[in-house]
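Not measured: the values here are computed from a predicted model.
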Amino acid sequence: RDRVLPTHGSLDNLTRLTNGTVDAALLQGGTFSAEKLSVIAPLYPEMVHVIVRRDRGIDRIEDLAGKKVVIGQIDSGMRRSALIVLEHYGLTDTIIDARDPVAGDPYFLTMKNDESLDAAIVTSGILSEDIVSLARTGDFKLLPITAAPALAAKQPYLYPMEIPVGLYTINPTMPAEPIMTIAMDAVLVTRADASPKFIRSLLVALYERGIALNFPNLVPYRDVFYKTCLLYTSPSPRDR
């Protein structure tokens, strides 16, 4: 019988997929090799959100130096994305790493009550209720990743994306202005030996049963083949 299982994120999903615990998994783009896996479809963009307290004088990513920042669990997809940003800005060794103490919990949500936490770098889709919960307090803001085009040029699975005004809340408005960031696709993946029938059933479930009504940013079917070939079957520019 088909079941949907809760997990701790991309790395946990990848482990379950490769050891046979699950038949298909949702992975963050850039967190896996496609050699022994079959990419069924890129589903929707996941954006990197740099969330900071309004009262800490943090107006640019460079201001995170010396601050206590939540960047996710060890080996998590969220942490990997955060480190890509921090490394580009030369901040990897200058922040205070606020480690997630409980695997699977959205630790950055404790920022609502734990004022020792200055910021969090969170990778999420646009429908994140956790980010909405923080935004409603009025105590936080988003920082732009002004280097988004440069980051996208260095990593083939990243692309620049703009977070529109008021995406998370209107009163207070968050973000209060368009915010440039980077994004990567959440990708539905199965093992390379999966049957064509199983893959077809997943594609039918995704694109013929109205799931887009609940996921308005679902990658259109017309773009699935192009994105899959570009990112997961062709060599990256640096390998050509």
Could you list the donor-acceptor pairs under 3.5 angstrom formed between side-chain atoms of residues 143-151 and any protein atom two or more places apart in sequence or on another chain?
| residue | atom | partner | partner atom | Å |
| --- | --- | --- | --- | --- |
| Thr146 | OG1 | Tyr89 | OH | 3.3 |

Donor-acceptor list for residues 170-177 side chains, cut-off 3.5 Å, not counting sequence neighbours:
| residue | atom | partner | partner atom | Å |
| --- | --- | --- | --- | --- |
| Thr173 | OG1 | Ile170 | O | 2.5 |

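Contacts of Pro178 classified as side chain to side chain contact (heavy atoms under 4.5 Å, CB included), with partners at least two apart in sequence or in another chain: Glu162, Val165. For Arg191, the side chain to side chain donor-acceptor pair (under 3.5 Å) test picks out Asp23, with sequence neighbours left out.
The hydrophobic clustering, which links ILVMFWY residues whose side-chain heavy atoms are closer than 4.5 Å, places Met111 and Ile96 apart. Ile131 is not connected to Met180 by any chain of hydrophobic side-chain contacts under 4.5 Å among Ile, Leu, Val, Met, Phe, Trp and Tyr, and they are in different clusters.
Nearest heavy atoms, Leu91 versus Ile61: CD1-O, 3.2 Å. In this structure, Ser81 and Val48 approach most closely via the heavy-atom pair CB-CG2, 4.1 Å. Nearest heavy atom pair, residue Arg53 against residue Leu117, reads NE-O, 2.8 Å. When every heavy atom of Val52 is checked against every heavy atom of Ala119, the shortest pair comes out as CG1-CB, 3.7 Å.
Between the Arg136 side chain and the Thr169 main chain, no donor and acceptor come within less than 3.5 Å of each other.
Looking only at side-chain heavy atoms (C-beta outward), Val50 and Val122 stay at 4.5 Å or farther from each other. Side-chain contact check for Thr190 versus Phe198: some heavy-atom pair is nearer than 4.5 Å. A 4.5 Å side-chain heavy-atom check between Ile182 and Pro160 finds every atom pair outside the cut-off. Looking at Leu26 and Leu43, their side chains come closer than 4.5 Å, going by heavy atoms from C-beta outward. A 4.5 Å side-chain heavy-atom check between Ile95 and Asp118 finds every atom pair outside the cut-off. Looking at Met47 and Ile126, their side chains come closer than 4.5 Å, going by heavy atoms from C-beta outward. Contact of the Pro45 side chain with the Met161 side chain is registered, since non-hydrogen atoms from C-beta on lie closer than 4.5 Å. Using a 4.5 Å heavy-atom cutoff, the side chains of Leu37 and Leu14 are in contact.
Counted by atom type alone, Ser124 and Glu46 present zero donor-acceptor pairs between their side chains at under 3.5 Å. No side-chain donor-acceptor contact under 3.5 Å links Ser128 and Asp130.
The salt bridge (charged side-chain N to carboxylate O under 4.0 Å, His left out) contacts involving residues 164-176 comprise nothing, where partners must be two or more places apart or lie in separate chains. Within the structure, every pair that satisfies the salt bridge (charged side-chain N to carboxylate O under 4.0 Å, His left out) test and touches residues 139-149, not counting sequence neighbours, is listed here: Asp59-Lys141.
Here CZ of Phe108 is found 14.0 Å from CD1 of Ile71. Values are rounded to the nearest 0.5 Å. Interatomic distance, Leu134 CG to Glu129 CD, rounded to the nearest 0.5 Å: 11.5 Å. From Leu158, atom CG reaches atom CD1 of Ile84 across 5.5 Å, with rounding to the nearest 0.5 Å. How far CD of Gln28 is from CG of Asp185: 10.5 Å, rounded to the nearest 0.5 Å. Here the straight-line distance linking atom CE of Met78 with atom OG1 of Thr123 works out to 7.0 Å at 0.5 Å rounding. Considering CD1 of Ile121 and CG of Leu64, their distance stands at 6.0 Å, rounded to 0.5 Å.
For His49 and Tyr168, the gap between ring centers is short of 6.0 Å.
Considering Lys67, Lys68, Arg79 as possible partners of Asp97, the one that fulfils the salt bridge (Lys or Arg N to Asp or Glu O under 4.0 Å) test is Arg79.
The environment of CG in Asp55 is crowded: more than 12 heavy-atom neighbours from other residues, nucleotides or ligands sit within 6.0 Å. Environment of CD in Glu115: sparse, with no more than 12 heavy atoms of neighbouring residues, nucleotides or ligands closer than 6.0 Å.
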